[in-house]
Q: 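Take a look at the following structure, please.
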Amino acid sequence: MSQSQVGLVGLAVMGQNLALNIAEKGFPISVYNRTGDKVDACVARAKEEGNLPLTGYKDLNDFVQSLERPRRVIMLVKAGGPVDATIESLVPHLEVGDFIIDGGNEWYPNTERRAAALASKGIGYMGMGVSGGEEGARNGPSMMPGGPRETWELMKPILSKVAAQVDDGPCVTYIGPGGSGNYVKMVHNGIEYGDMQLISEAYDVLKTVGGLTNEELHQVFTDWNNGSLNSFLIEITAKVFAKRDDQGKGGHLVDYILDQTGMKGTGRWTIIEAAELSIAAPTMAASLDGRFLSALKQERVAASALYGDPTPPSGVDKKQLIDDVSKALYASKICSYAQGMNLIRAASISHDWNLNLGEISRIWKGGCIIRAIFLDRIKKAYDLDANLASLLVNPSFAAELNESQGAWRRVINLAVNTGIAVPGFSSSLAYFDQYRRARLPANLVQAQRDFFGRHTFERTDMAGAYSAMWEE
Ligand code: 6PG
C-alpha cells in the first residue's frame with residue numbers, strides 16, 4: 001500500500017480545509033478524527049473537490065501506520081487539554097525521528113513543555129501559528145512554525161507550497177526555536193485586535209460625527225482599500241456595510257448585530273506578555289479594554305440614561321472628515337505595529353530566539369488576517385535596518401506620521417468633544433507623543449518616589465544615584 005507523506009489529526013473546518021489544501025498541492029495525506037463522521041465528511045469533500053489524494057482513517061494506529069517515515073503529523077485540535085490528550089494518544093504509535101506539529105493558537109509555554117517531554121522520547125515537536133481563517137486554510141494561509149530547525153527542514157517542501165504566495169515567496173518561514181512560532185502568532189492576533197479596534201473607531205467617527213450612511217461607509221472603505229490602507233480587514237469591512245439584513249427585517253445586517261465583542265484569548269495573552277517584558281502596547285491594550293467594556297452591555301445601557309447620548313457637532317465637512325479619519329487610522333496603525341514588532345523583538349532577546357522581524361513582516365503580507373500592503377513597507381524598514389529601534393524612527397514612516405499629525409489630532413479632538421471614545425486612536429497618539437519627546441515629566445515621578453521611599457534618582461547634569469532631604 002502506498003503511504004501518505006503527511007498526516008493530519010483534527011477535522012473541524014480549519015483541519016479539513018488545511019488537509020484538502022495539502023492534498024491539492026500534490027502531497028498524499030492521511031486524516032484522522034476522534035469522531036468518525038468528520039472523517040467521512042472530509043473524505044467526501046476530497047472526492048468532490050477534485051478526487052484529491054486524501055485517505056481517511058477511523059483507527060489511530062492505522063492512521064499512523066499509513067504515514068511514510070519519518071512520520072509528519074499535523075494536529076489541529078483545540079488548544080490546551082485536547083492537545084495534550086491527542087499527543088498522549090499518538091505517542092504510543094510513533095517512533096524515534098517522527099514528529100508532531102501543533103497548528104492551533106497555543107500558549108507558547110505549553111508548546112515548550114510538550115517539546116521537552118517529547119524530545120526525551122526522540123519525537124520532534126513544533127508549534128505553528130496558522131492564520132487566515134477557514135478560507136486561508138483551504139487556499140493558502142500564513143504559517144509561523146517554531147521549534148527544531150531539522151523539523152522545519154522536513155516540513156518545508158510541503159508548507160512552502162501550501163502557504164499563500166506573495167511576490168517575494170511563500171507566506172511561511174522558519175520562525176525560530178522553542179515556542180517562537182506560537183509567540184509570533186499570538187502577537188499577530190494582538191495586532192489583529194488593534195486593527196479591528198481602530199477600524200471600529202473610524203466607523204464610529206464617520207457614522208456618529210459625520211453622519212455617514214452604510215452605503216457611504218461601504219464606498220469609503222472600498223476607496224480606502226484601493227489606497228495605502230489596502231488590507232484584508234478593510235476589504236471585508238467594506239463588504240460588511242453592503243450586506244442587507246438576512247432575516248427579512250430590512251436595512252443592513254450590521255445595524256442588528258449586538259455590540260458585544262467575543263474573544264478566545266490570544267489578544268489577552270499579548271498584553272500579559274507585553275507587561276511581562278515591559279513593552280508599551282497601548283493600542284493593543286485599548287482594543288482589549290474595548291472588548292471588556294463592550295461586554296458590559298446592560299451596565300452601559302443603564303449608564304447612558306444618566307449621561308445621555310453623544311452630541312455630534314453641526315456643519316461637519318464630510319470630505320475633510322473622511323480624509324482626516326483615513327490619516328488617523330493609518331498613523332495609529334503604524335504605532336500599533338511598532339508596538340507589536342517591539343514585543344516580538346523583546347521576546348526574541350529574552351528567549352534567545354534570534355527572530356527576523358523583516359521576514360516575519362514578509363510572511364504576513366499574504367494569507368493572514370492582518371495581511372496588508374502596508375506590511376511590505378514594514379519589511380522594507382527592517383531590511384534597511386534590522387536593528388531599527390522602532391518603526392516610528394524609520395524615515396519613511398516618520399515622514400508620514402509628520403504629515404498625518406494634524407489630521408490625527410483633529411479627529412481625536414472632534415471625537416472627544418462629541419463624547420465618542422477613540423481609545424485606539426488616542427492611545428496611539430499618546431504613544432507617539434511620548435516616544436517623540438526628548439523630555440517627559442518622569443522627573444517628577446522620580447522625585448515623588450524618592451520623597452516617600454528614598455528610591456533615589458539620577459541627575460541630568462552629574463553621574464550617580466542621588467537622594468534628597470525633601471523636607472527640613
Ligand atoms: C487568524 C485569527 C484566528 C483567531 C480569530 C478569533 O489569524 O486566523 O487570528 O486565529 O482565532 O480571529 O480570535 P478572537 O476570538 O480572539 O477574536
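Everything quoted here is computed from the prediction, not taken from an experiment. Count residues from 1 along the sequence. We use all heavy atoms of the structure for the numbers below, so side chains are in, but hydrogens, waters and symmetry mates are not. One-based numbering, in listed order, for ligands and for the atoms of each.
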Q: Could you pull out all residues at least two apart from Pro148 that satisfy side-chain contact (heavy atoms from CB on, under 4.5 Å)?
A: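 side-chain contact (heavy atoms from CB on, under 4.5 Å) check on Pro148 returns Met126, Glu150, Thr151.
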Q: Identify, with sequence neighbours excluded, every residue that meets side-chain contact (heavy atoms from CB on, under 4.5 Å) alongside Asp383.
A: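 side-chain contact (heavy atoms from CB on, under 4.5 Å) list for Asp383, sorted by chain: Lys379.
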Q: Please output the side-chain donor-acceptor pairs of residues 128-135 that fall under 3.5 Å, not counting sequence neighbours, one pair per line with the distance.
A:
unit_1, atom_1, unit_2, atom_2, d
Ser131, OG, His188, NE2, 3.2
Ser131, OG, Ile369, N, 3.1
Glu135, OE2, Asn139, ND2, 3.0

Q: Which pair of non-hydrogen atoms, one from Ser361 and one from Met341, has the smallest distance, and what is that distance?
A: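 Heavy atoms of Ser361 and Met341 come nearest at OG-CE, 3.5 Å.
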Q: Please output the residues near ligand 1 using a strict heavy-atom distance under 4.0 Å, listed in chain and residue-number order.
A: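 Asn105, Ser131, Gly132, Gly133, Lys185, His188, Asn189, Glu192, Tyr193, Met263, Lys264, Gly265, Arg291, Ile369.
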Q: Name the residue from Asn182, Val187, Asn189 that meets the side chain to side chain contact (heavy atoms under 4.5 Å, CB included) definition with Lys185.
A: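 The passing option is Asn189.
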Q: With a cut-off of under 6.0 Å to the ring centre and 45° to the axis, is Arg72 in cation-pi contact with Phe99?
A: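 Relative to the ring axis of Phe99, which defines the angle, Arg72 lies outside at least one limit.
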